[in-house]
Amino acid sequence: MPTPGLESQLKQENFILGSSTMDQVKGVLTLQGDALTQTDINLKVAKSSQVLHFQFREDKQWKLQQIQDARNHVNQALQLLSSRDESYHFKTGAEVNKLMDAVMLQLTRARNRLTTPASLTLPELATSGLMKMFTPPMPGDVMVNFYINLSKLCLTVYQLHVLPPNTTKNFKPAGSSVLHNPGAMFELNNNRFEVSHVHKVECVVPWLNDTLVFFTISLQLCQQLKDKISVFSSFWNYRPF
């Protein structure tokens with residue numbers, strides 16, 4: 001991840017978005033650390049077969065909050081481990097366990113940010129800053145969302161249609177979700193919409209997969225240390241008759 005003053009040294013990586021089951025959405029994403037610096041997306045509109053083309057504006061890039069949050073939790077774990085001088089001697093096993101619990105909590109939170117994308121409502125997606133990133137601007141009946149899921153960078157595209165003003169009987173606004181299904185409804189600016197089509201495409205980011213492996217190994221090492229402390233504590237507390 002970038003350190004202050006060295007952001008330019010992070011290499012840009014291009015990833016091809018695709019799906020083996022459909023070709024309505026295709027594109028290339030450019031990732032630099034925790035930022036999407038460029039997108040090139042083609043969307044085939046379901047009804048007309050018209051192809052829409054979108055790119056990020058040159059002055060814009062989209063920060064992936066999940067990666068930023070995971071990094072911040074790792075930094076907190078490192079600060080916990082470095083908060084004591086190298087010459088410090090732990091006095092009890094409980095003191096070691098307390099530190100390991102705190103470190104493991106931060107590592108678990110970091111891993112969870114990459115494995116559990118945020119749930120959003122459709123109005124939250126519609127008013128997201130992401131919708132202002134594109135040139136040409138996204139039409140009013142298209143919404144997009146980027147998120148991390150395990151080792152994959154995902155793009156979801158929603159196509160909408162406006163419901164008639166008198167649609168009240170069967171109108172049920174959708175709640176929060178990572179992925180909304182066709183038929184989901186919402187209201188925004190006195191208009192009611194329904195999701196007509198959903199397209200999800202993704203690409204594997206190898207270093208995200210490595211990161212998840214390292215989180216698992218780190219948590220296992222912490223647990224092994226706690227287990228050893230537990231064994232020795234039992235030995236010290238044993239008093240033969």
Side-chain angles (χ1 to χ4, degrees), residues 1-13 15 29-37 61-120 124 128-130 145-156 176-179 200 202-237:
M1 299 308 302
T3 53
L6 298 177
E7 291 89 346
S8 61
Q9 294 186 18
L10 271 178
K11 69 175 182 177
Q12 290 190 340
E13 302 172 282
F15 297 99
L29 304 181
T30 302
L31 187 63
Q32 187 172 20
D34 61 353
L36 274 174
T37 58
Q61 57 177 238
W62 183 251
K63 291 286 188 178
L64 294 166
Q65 190 65 46
Q66 289 172 263
I67 297 178
Q68 289 183 316
D69 290 347
R71 177 186 60 187
N72 290 337
H73 286 304
V74 170
N75 284 340
Q76 291 180 46
L78 292 173
Q79 289 172 10
L80 286 167
L81 292 169
S82 61
S83 61
R84 293 168 175 79
D85 188 81
E86 288 186 10
S87 61
Y88 181 83
H89 290 279
F90 288 88
K91 298 175 179 62
T92 63
E95 189 181 4
V96 178
N97 282 337
K98 184 178 179 181
L99 174 60
M100 285 299 97
D101 286 340
V103 170
M104 292 175 73
L105 177 62
Q106 295 302 327
L107 292 175
T108 300
R109 286 175 174 174
R111 184 177 62 181
N112 288 347
R113 286 300 287 129
L114 300 181
T115 60
T116 311
S119 294
L120 296 172
E124 286 172 338
S128 163
L130 180 60
N145 187 29
F146 290 106
Y147 59 89
I148 301 294
N149 186 13
L150 297 169
S151 61
K152 295 177 180 178
L153 175 56
C154 305
L155 164 65
T156 305
S176 296
S177 180
V178 175
L179 182 67
K200 180 185 174 184
E202 56 193 27
C203 54
V204 175
V205 180
W207 57 261
L208 281 175
N209 185 67
D210 294 342
T211 301
L212 293 169
V213 171
F214 291 141
F215 279 142
T216 299
I217 294 172
S218 300
L219 287 164
Q220 287 174 345
L221 287 171
C222 293
Q223 186 60 50
Q224 286 171 11
L225 179 55
K226 288 186 63 179
D227 292 343
K228 290 179 180 178
I229 292 292
S230 176
V231 169
F232 282 111
S233 296
S234 300
F235 175 75
W236 292 328
N237 292 333

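Taking CG of Leu120 as the reference point, atom OG of Ser177 lies at 9.0 Å (rounded to 0.5 Å). Atoms CD and CG, on Gln61 and Asp34 in that order, are 8.5 Å from each other to the nearest 0.5 Å. Between the CG atom of Leu179 and the CG atom of Asn145 there is a distance of 9.5 Å, given to the nearest 0.5 Å. To the nearest 0.5 Å, atoms SG (Cys222) and CG (Leu105) are separated by 11.5 Å. Expressed to the nearest 0.5 Å, how far CD of Glu13 lies from CD of Gln32 amounts to 9.5 Å.
Contacts of Gln106 classified as side chain to side chain contact (heavy atoms under 4.5 Å, CB included), with partners at least two apart in sequence or in another chain: His73, Gln76, Ala77, Leu80, Arg109. Taking the side chain to side chain donor-acceptor pair (under 3.5 Å) definition, one finds that Glu95 meets it with Tyr88, sequence neighbours left out. Thr30 is linked by a side chain to side chain donor-acceptor pair (under 3.5 Å) to Asn14, counting only residues two or more places apart in sequence or in another chain. The salt bridge (Lys or Arg N to Asp or Glu O under 4.0 Å) test applied to Arg113 returns Asp69, not counting sequence neighbours. Here Asp101 pairs with Lys226 under the salt bridge (Lys or Arg N to Asp or Glu O under 4.0 Å) rule; sequence neighbours left out. Taking the side chain to side chain contact (heavy atoms under 4.5 Å, CB included) definition, one finds that Val96 meets it with Phe90, Met100, Leu225, Ile229, sequence neighbours left out. Remark: Leu155 pairs with Leu17, Val25, Ile41, Val144, Phe146, Val157, Val201 by the side chain to side chain contact (heavy atoms under 4.5 Å, CB included) rule, at least two apart or across chains. Under the rule for a side chain to side chain donor-acceptor pair (under 3.5 Å), Gln79 has no partner lying at least two apart in sequence or in another chain.
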Validation: residues 209-221 side-chain donor-acceptor distances under 3.5 Å, sequence neighbours left out:
residue, atom, partner, partner atom, Å
Thr211, OG1, Trp207, O, 2.7
Thr216, OG1, Leu212, O, 3.1
Ser218, OG, Phe214, O, 2.7

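A salt bridge (charged side-chain N to carboxylate O under 4.0 Å, His left out) check over residues 77-91, counting only residues at least two apart or in different chains, returns nothing. Sequence neighbours left out, the pairs with a member in residues 145-156 that pass salt bridge (charged side-chain N to carboxylate O under 4.0 Å, His left out) are Lys152-Glu202.
Taking 4.5 Å as the limit, every side-chain heavy atom of Leu31 sits out of range of all side-chain heavy atoms of Thr37.
Nearest heavy-atom pair across Thr115 and Pro117 is O-CD, 3.6 Å. Contact detail for Ile67 and Gly33: the closest heavy-atom pair is CD1-O, 4.2 Å. Val178 approaches Ala118 most closely through the heavy-atom pair CG2-O, 3.8 Å. The minimum heavy-atom distance between Phe15 and Pro206, with the atom names listed, is CE2-CD, 3.9 Å. Residues Ser119 and Glu124 approach most closely at O-OE1, 4.4 Å, considering heavy atoms. The minimum heavy-atom distance linking Asn149 with Cys154 is given by the pair CB-SG, 4.0 Å.
The backbone N or O of Ile148 lies less than 3.5 Å from a partner atom in the side chain of Gln66, making a donor-acceptor pair.
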